[in-house]
There are 2 protein chains.
Amino acid sequence: MSVTVITIPQMSAAAITMYHQGMGRWEPDARGRLERAAIALYSERGFENTTVAEIAARARLTERTFFRHFADKREVLFWGASALQELLVSAVADAPDSAAPLDAVTTALEAAGAVLEERGEYSRQRQLIIAANADLRERELIKLASLAAALAAALRQRGVPGPAASLTAEAGIAVFKVAFASWAAENNQRSLPQLIRASLQELKAMAARGPATG
Amino acid sequence: MSVTVITIPQMSAAAITMYHQGMGRWEPDARGRLERAAIALYSERGFENTTVAEIAARARLTERTFFRHFADKREVLFWGASALQELLVSAVADAPDSAAPLDAVTTALEAAGAVLEERGEYSRQRQLIIAANADLRERELIKLASLAAALAAALRQRGVPGPAASLTAEAGIAVFKVAFASWAAENNQRSLPQLIRASLQELKAMAARGPATG
DNA sequence: AGGCCTATGTCAGTAACTGTCATCACTATA
DNA sequence: TATAGTGATGACAGTTACTGACATAGGCCT
C-alpha cells in the first residue's frame, strides 16, 4: 500500500525565457509538452492505443517524468478540474443570503459553464476523447462526484442541513450533466448558461408534478 | 484495441452433485470460489493489497481463469448490478400509467432497496470494501450512471420527453445515493425503502423552494 | 470408437505504474 | 570563490493487471 504524492515541478518564468539564450539545463515547460503530446495522441489514435512511452517520446522526456507530473495516464485530462471546483465553491459561498440553495448552485454552474464555453474548442476535443473511452468516463464521473461533495459542503456552510445539501448538490450536477450533453450535441444554438437555466426549470417542473407530492 | 467478451462457464447441477462422487474433472463452482476468495481477501487486507494471483490461489485456480470469469479485478464486486438494473427497468415499465415519472422511478428504487436489504450483511461488507478504495468508487459510479441511463430509457418508453427523462432518472439516482448513505451510516433505525421515500420528499421540497421558480 | 465441446492450465508477452539512485545546472551561503 | 545543497530529470529494475495462443482431458453425441 503506497500513496504517491505528485508535486508539480515549477520552472521560474526567468528560467523559461533564459532557456532560449542557451542557459537552461532542460527544455522548458515539461508538463505542458506532456499535456499537449498526450491530447494530440489521444485524439489521433484513441486513449487505449496510446502508450505513455509514446507520449513521453513526443514530448522529448521519459516515461518516468510523465508519472512525476500526472498521477496516471487519465489524469492529463482532469487535473484542471480542481480549479473549476474552487470556482464553483466560492461562487456558492458568495451567493446572496436570500438565494435558495438550488438557485445558488445553479448560478454557480452558469458561471462555470461560461468559463468552459470560452475554452470551447478545447472543451469539445476533450469531451470527444472522454466519450470514446470507458475508463475516462469513469474518471469523469468521480470528478463530478467530488464536485457534488464540495458543493454540498459549501451549502452546509450556508446553513443548509446535511441531507438537503447533498441532494441539492447532486441535483445541480444532474442539471449540469444534462445541459452539457445538449450543448455538446447541438451546434451552438444555445449557450451553455442558457441550457443550464432551461435544465433547471425542467427539474423543478418534474419535481412539482405527480400525485405523491407530500 | 481489443474488447474482451466474458462468457460465463456454467457447470450443470448434475456435474456439481456428481463431483463428490469423484466424477468431475474439476472442483465445482469455480466462479463462486473466485468470488468468495476475492471478497474475503479484499476485506482482510484491502483491495489494493490483494493480487489476482492470491485470489486464484485461494480458490485453487489460476490467474488466467480468474480473468475468464471476471473482466477485471473490480468486476467481482459489480457483476450482480445487471440483475438489479433489470429489476429497476421492469418496475418502471410496469408502473401504472397514472404515476408521475419521478414517482415511478422512486417506487422502483424502493423495490430494489428492499432486495438489497435482504442481503444486508453482504451489502454492508461490499460497501465497506468499495468505500475504502478510489478505483472501486469509480466503478460504482459508472454502474450507477448506467442505471440512470437505463431508467431514462424506460421513462422514454412511457412517453416522457428526452431531457426530462434523463433529469428524472438522475434525480432518482441522487435520491437513492443519499438514502443509501444514510442507511449505511445509521444502525438500522429506518429501513432502506423508508429512507428512499424520505429522501424523495426532501428533493421535492428543495426544488419547490426559492424565488426563481418559473 | 471417434470426434467435438468446454473449462481449465501453461506460458509468453505488453504496458501501467513504483522505488531507488545517479546526474548536473542552478542557488545560497560561507 | 569554493562548497554544499536543491530540484527536475534520466536510468533501470521490479511488480502486477491483463491478453493471446495453444495444450489438455473429461463429458457428450453420433
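Predicted, not measured: the structure shown is a model, and the values here were computed from it. Note on naming: letters A, B, ... go to the chains in the order of the sequence lines (proteins, then strands), and numbering restarts at 1 for each one.
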Counting only heavy atoms and a strict 4.0 angstrom limit, can you tell me which residues of residues 50-58 of chain A come near DNA chain C?
T50(A), T51(A), V52(A)
R74(A) to W79(A), cation-pi by 6.0 Å centre distance and 45° axis angle
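Pair R74(A)/W79(A) does not count as cation-pi.
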Which whole-number value in Å describes the distance from [X] [atom1] to [N] [atom2]?
{"X": "E75(B)", "N": "dC18(D)", "atom1": "CD", "atom2": "P", "result": "11 Å"}
{"X": "L41(A)", "N": "dA16(C)", "atom1": "CG", "atom2": "P", "result": "12 Å"}
{"X": "R68(B)", "N": "dT8(C)", "atom1": "CZ", "atom2": "P", "result": "8 Å"}
{"X": "R64(A)", "N": "dA15(C)", "atom1": "CZ", "atom2": "P", "result": "19 Å"}
{"X": "E63(A)", "N": "dG10(D)", "atom1": "CD", "atom2": "C1'", "result": "13 Å"}
{"X": "D72(A)", "N": "dT16(D)", "atom1": "CG", "atom2": "P", "result": "19 Å"}
{"X": "L61(B)", "N": "dT10(C)", "atom1": "CG", "atom2": "P", "result": "11 Å"}
{"X": "D29(B)", "N": "dA7(C)", "atom1": "CG", "atom2": "P", "result": "13 Å"}

Can a salt bridge be assigned to the pair [X] and [Y] using a cut-off of 4.0 Å between side-chain N and carboxylate O?
{"X": "D29(A)", "Y": "R36(A)", "value": "yes"}
{"X": "E44(A)", "Y": "R58(A)", "value": "yes"}
{"X": "E35(B)", "Y": "R31(B)", "value": "no"}
{"X": "K73(B)", "Y": "D135(B)", "value": "no"}

ring-ring contact (aromatic ring centres under 6.0 Å, His included): which pairs involve residues 38-57 of chain B, sequence neighbours left out?
Y42(B)-F47(B)
N/O (side chain, T65(A)) to phosphate O (OP1/OP2, dT9(D)) under 4.0 Å:
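No, because none of the side-chain N or O atoms of T65(A) sits under 4.0 Å from OP1 or OP2 of dT9(D).
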Give a yes/no answer on whether the side chain of H69(A) brings an N or O atom under 4.0 Å of OP1 or OP2 in dT9(D).
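It does, given that an N or O in the side chain of H69(A) lies less than 4.0 Å from OP1 or OP2 of dT9(D).
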Residues in ring pair (Phe, Tyr, Trp, His ring centres under 6.0 Å) contact with F66(B), at least two apart in sequence or another chain
F70(B)
Test for a donor-acceptor pair under 3.5 Å between the base of dT23(C) and the side chain of R25(A), counting only N and O atoms.
yes
